[in-house]
Amino acid sequence: MDKGILIEYADMKEEIKDLRRRIEKIQKELDKLHGQIVVDSVSCGKKGKKPLGTVKITGRPVGVISRKEQLQHGTHVN
């Protein structure tokens with residue numbers, strides 16, 4: 001067997017280990033994000049200097065989850 005092929009094989013094995021570690025890390029982050037709820041307060045507007053009120057907005061971080069899932073599946077995100 002050619003020495004170059006053996007070296008290439010060893011490098012590929014290391015790359016596979018690295019990719020598995022990265023996928024596992026992303027999966028752990030996704031598991032956390034799926035259980036997370038984001039909350040924010042926004043102003044409903046103003047009448048002069050006086051605010052008309054605030055509204056509390058809640059939701060899931062869908063954009064972040066989507067980007068992480070695309071990374072996990074190997075598709076590129078801009």
Side-chain angles (χ1 to χ4, degrees):
M1 195 176 275
D2 185 14
K3 183 178 178 179
I5 292 173
L6 287 174
I7 291 171
E8 194 174 320
Y9 174 74
D11 290 344
M12 288 178 146
K13 282 183 71 170
E14 286 302 313
E15 186 175 349
I16 290 169
K17 285 181 191 177
D18 180 54
L19 289 171
R20 285 187 176 140
R21 279 191 295 268
R22 289 168 55 193
I23 289 169
E24 188 175 311
K25 180 183 174 192
I26 291 171
Q27 185 60 52
K28 286 179 183 178
E29 291 172 357
L30 276 170
D31 291 343
K32 276 184 178 180
L33 287 170
H34 278 293
Q36 190 177 45
I37 295 178
V38 180
V39 181
D40 196 5
S41 294
V42 295
S43 174
C44 293
K46 291 185 177 184
K47 185 174 184 178
K49 292 185 178 184
K50 195 175 188 182
L52 295 175
T54 58
V55 176
K56 184 171 139 181
I57 299 173
T58 59
R60 292 181 44 227
V62 178
V64 175
I65 292 171
S66 176
R67 285 190 296 276
K68 295 273 184 194
E69 286 174 341
Q70 288 176 345
L71 281 172
Q72 184 181 26
H73 293 84
T75 56
H76 291 282
V77 182
N78 290 334

Legend entry - side chain to side chain contact (heavy atoms under 4.5 Å, CB included) between Ile57 and Val42, intermediate numbers included: CA-CA 7 Å; Ile57 299 173; Val42 295; 3.6 Å; yes

Legend entry - Pair Glu24 + Lys28: basic N to acidic O under 4.0 Å: yes

Legend entry - Between CD on residue Gln27 and CZ on residue Arg22, distance to nearest 0.5 Å: 15.0 Å

Legend entry - Residues clustering with Tyr9 (ILVMFWY side chains joined when closer than 4.5 Å, directly or via others): none

Legend entry - Lys25 vs Glu29 side-chain heavy atoms within contact, under 4.5 Å: yes

Legend entry - Closest heavy-atom pair and its distance - Ile65, Leu30: O-CD2, 3.6 Å

Legend entry - Partner set under side-chain hydrogen bond (donor to acceptor under 3.5 Å, both in side chains) for Arg60, not counting sequence neighbours: His34

Inset, instruction - Nearest 0.5 Å please: distance from the CD atom of Glu14 over to the CG atom of Asp11. - result: 8.0 Å

Legend entry - Rounded distance [0.5 Å steps], CD1 in Ile7 versus CE in Met12: 13.5 Å

Legend entry - Approximate separation, where rounding is to 0.5 Å, of Glu8 CD and Asp2 CG: 9.5 Å

Inset, instruction - Kindly work out whether a path of hydrophobic side-chain contacts (I/L/V/M/F/W/Y, heavy atoms less than 4.5 Å apart) joins Val64 to Ile26. - result: yes

Legend entry - Lys56 and Thr58: CA distance, side-chain angles, deciding distance, side chain to side chain contact (heavy atoms under 4.5 Å, CB included) verdict: CA-CA 7 Å; Lys56 184 171 139 181; Thr58 59; 4.1 Å; yes

Legend entry - Neighbour count above 12 (heavy atom, 6.0 Å) for Leu52 CG: yes

